[in-house]
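If you're wondering where the values come from, they're calculated on a predicted model, not measured in any experiment.
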Amino acid sequence: MIKTKNRKYNIALFLIVSLTLFASCRGDVEMVLSEDIAISNPEIIKGYKGFYLLNEGNMGSNKATLDFYNFETGVFTKNIYAERNPTVPKEMGDVGNDIGIYGDRLYAIINVSNKVEVMDAQTAKRIGQIEIPNCRFIKFHQGYAYVTSYAGSVIIDPNYKQVGFVAKINTATLQEEARCEVGFQPDELEIVDGKIYVANSGGYMGTGSTSGYERTVSVIDIATFKEEKRIDVAYNLERIKADNRGNLWVSSRGNYKELAPQLYFLDRGKSQVTDTISITATNYWIDDDLLYLYGTKFNYTTYNWETSYSIIDTRTRKVINRNIITDGTDKKIEKPYGIMVHPETKDIYITDAGNYVTPGALYCFNKNGKKKWVVEAGNIPGHFALLPIYN
């Protein structure tokens, strides 16, 4: 009996000391342990082990976090980065803006912390970091990572004159090798047939009028890493994604007032916009020949946010569905913030940022738009990366 008590005491003492040492690695930063949540039946899905979900966290709060959903176990694990990297002083950092997997490594764009965090894709343990000022989005091609950067500080200023760039990073050495200047405040980028297409926004210089915004897509030749040309599209561009034919879908945020957000079809062969879809496309995911999107727009007449969900056929460029969610769950989603479609099951994942200051949520819907499950995520969940099963 005494032996049992001593054993319990020793275990408790060990845990207290361990947690104290664990926390001391972070100085004054509050440590949050990971949490496993069983949310669905395990699924054996060919080709994929699960996916990472990057939570942005509020700017200035150093609260970007990383979650993981395991298809094989049906378990969603919150905040895995903090626990698996106890010696990193400030955990992931300030504002997670994009995430991607290339080879056996996981790359997270941490915008305001001015870095690309590089981790082992299987364990999320840190391998290193690459310093890129005000970095935004990432794509990969033949051993290199390409990252867009606003180049300067986070500031809204109509007289802001710092052009942005795309950084070329060697994924073997994690060293930046070159930069190519593009337009002002470049956001998402896409790579098709040896060219990088960059959506320039000019977002820092816009003040509600159109005079400060950019309206072009920069085209960079990968072989020379030089900007070849710019294609005129619309004001304040943000997203750009390629369909199965290599053509590009580009979103404009408008000027948040009389100039409405829209979605544009950029014919890559003609290097020009050949179709405009009058729809708000805040974020979207292309799977096969379907583009799944949600749109959030503030109505200055009613002073309310308007939210919509649609599916576009990328072959006909027509809206074929305005009800991605068919069971009424959309009424419970306060502010959609991220979207992904599983390439095999066709399950649709949509995140909810809620009020932006408390934990958000991750919803899973089947291909028919019926809710399968929902789970609490981190603060402002928004960016997905599917983890392949490595043979």
Side-chain angles (χ1 to χ4, degrees), residues 47 98-103 105 107 109 116 132 135-149 163-172 176-183 186-201 214-234 237-252 262-277 281 283-293 312-317 340-341 343 383-386 388:
D98 196 19
I99 190 169
I101 291 174
Y102 186 70
R105 292 179 176 182
Y107 297 76
I109 300 293
V116 181
I132 303 289
C135 43
R136 301 291 294 176
F137 290 90
I138 189 167
K139 281 291 190 299
F140 306 93
H141 181 74
Q142 295 184 351
Y144 287 90
Y146 294 90
V147 178
T148 52
S149 168
V163 296
F165 64 84
V166 175
K168 180 179 181 179
I169 298 164
N170 188 316
T171 58
E176 181 185 341
E177 293 189 357
R179 293 180 177 182
C180 178
E181 288 190 347
V182 288
D187 272 319
E188 195 166 30
L189 69 165
E190 183 63 284
I191 299 176
V192 185
D193 288 346
K195 308 289 184 184
I196 303 173
Y197 296 85
V198 184
N200 298 310
S201 72
E214 284 272 14
R215 51 173 299 129
T216 62
V217 167
S218 288
V219 183
I220 299 171
D221 178 67
I222 288 183
T224 62
F225 202 51
K226 301 292 184 184
E227 184 186 45
E228 290 185 331
K229 58 186 173 183
R230 296 187 187 181
I231 303 171
D232 184 71
V233 179
L237 305 180
E238 181 182 19
R239 303 282 179 177
I240 183 166
K241 298 182 189 297
D243 62 23
N244 283 343
R245 287 154 295 283
N247 292 312
L248 299 156
W249 293 80
V250 191
S251 68
S252 162
Q262 297 197 96
L263 182 63
Y264 297 87
F265 175 78
L266 197 165
D267 186 303
R268 190 168 54 86
K270 296 179 180 179
S271 291
Q272 67 182 46
V273 171
T274 59
D275 207 349
T276 300
I277 297 86
N283 199 357
Y284 45 100
W285 187 281
I286 298 177
D287 177 73
D288 292 334
D289 289 317
L290 299 179
L291 184 153
Y292 298 74
L293 68 85
I312 295 172
D313 187 319
T314 59
R315 297 163 298 184
T316 64
R317 304 193 288 280
M340 180 184 77
V341 179
H383 311 282
F384 294 92
L386 279 161

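- Between the side chain of S149 and the backbone N or O of G164 there is no donor-acceptor pair closer than 3.5 Å.
- Looking at residues two or more places apart in sequence or on another chain, you find a salt bridge (Lys or Arg N to Asp or Glu O under 4.0 Å) between R215 and D232.
- Residues that satisfy the salt bridge (Lys or Arg N to Asp or Glu O under 4.0 Å) test with D187, not counting sequence neighbours, are R136, R253.
- Taking the side-chain hydrogen bond (donor to acceptor under 3.5 Å, both in side chains) definition, one finds that Y102 meets it with nothing, sequence neighbours left out.
- For K241, the salt bridge (Lys or Arg N to Asp or Glu O under 4.0 Å) criterion is met by E188, not counting sequence neighbours.
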List the atom pairs, donor and acceptor, that lie under 3.5 Å between side-chain atoms in residues 270-277 and the rest of the protein, sequence neighbours left out.
unit_1: S271; atom_1: OG; unit_2: K229; atom_2: NZ; d: 2.8
unit_1: D275; atom_1: OD2; unit_2: R317; atom_2: NE; d: 3.0

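- Residue V166 comes nearest to V182 through the heavy atom pair CG2-CG1, 4.3 Å, listed as atom of the first residue, atom of the second, then distance.
- Looking at residues two or more places apart in sequence or on another chain, you find no salt bridge (Lys or Arg N to Asp or Glu O under 4.0 Å) involving R239.
- Looking at residues two or more places apart in sequence or on another chain, you find a side-chain hydrogen bond (donor to acceptor under 3.5 Å, both in side chains) between E176 and R179.
- By the side chain to side chain contact (heavy atoms under 4.5 Å, CB included) test, A234 is found to be paired with L237, S252, Y264, residues two or more places apart in sequence or in another chain being considered.
- In this structure, the side chain of R230 does not engage the main chain of T216 through any donor-acceptor pair within 3.5 Å.
- Between the side chain of E177 and the backbone N or O of N170, no donor-acceptor pair lies under 3.5 Å.
- Shown here are the side-chain hydrogen bond (donor to acceptor under 3.5 Å, both in side chains) partners of S218, two or more places apart in sequence or in another chain: N200, E227.
- Side-chain atoms of S201 never come within 3.5 Å of backbone atoms of E238 as a donor-acceptor pair (strictly under, hydrogens ignored).
- With Y284 contributing its side chain and W249 its backbone, the two residues share a donor-acceptor pair below 3.5 Å.
- For R245, the side chain to side chain contact (heavy atoms under 4.5 Å, CB included) partners are D243, N247, D289, T314, R315, not counting sequence neighbours.
- Within the 4.5 Å cutoff, no side-chain heavy atoms of D98 are placed close to those of T148.
- In this view, E181 and V163 satisfy the side chain to side chain contact (heavy atoms under 4.5 Å, CB included) rule, not counting sequence neighbours.
- With sequence neighbours excluded, the residues that form a side-chain hydrogen bond (donor to acceptor under 3.5 Å, both in side chains) with D287 are K346.
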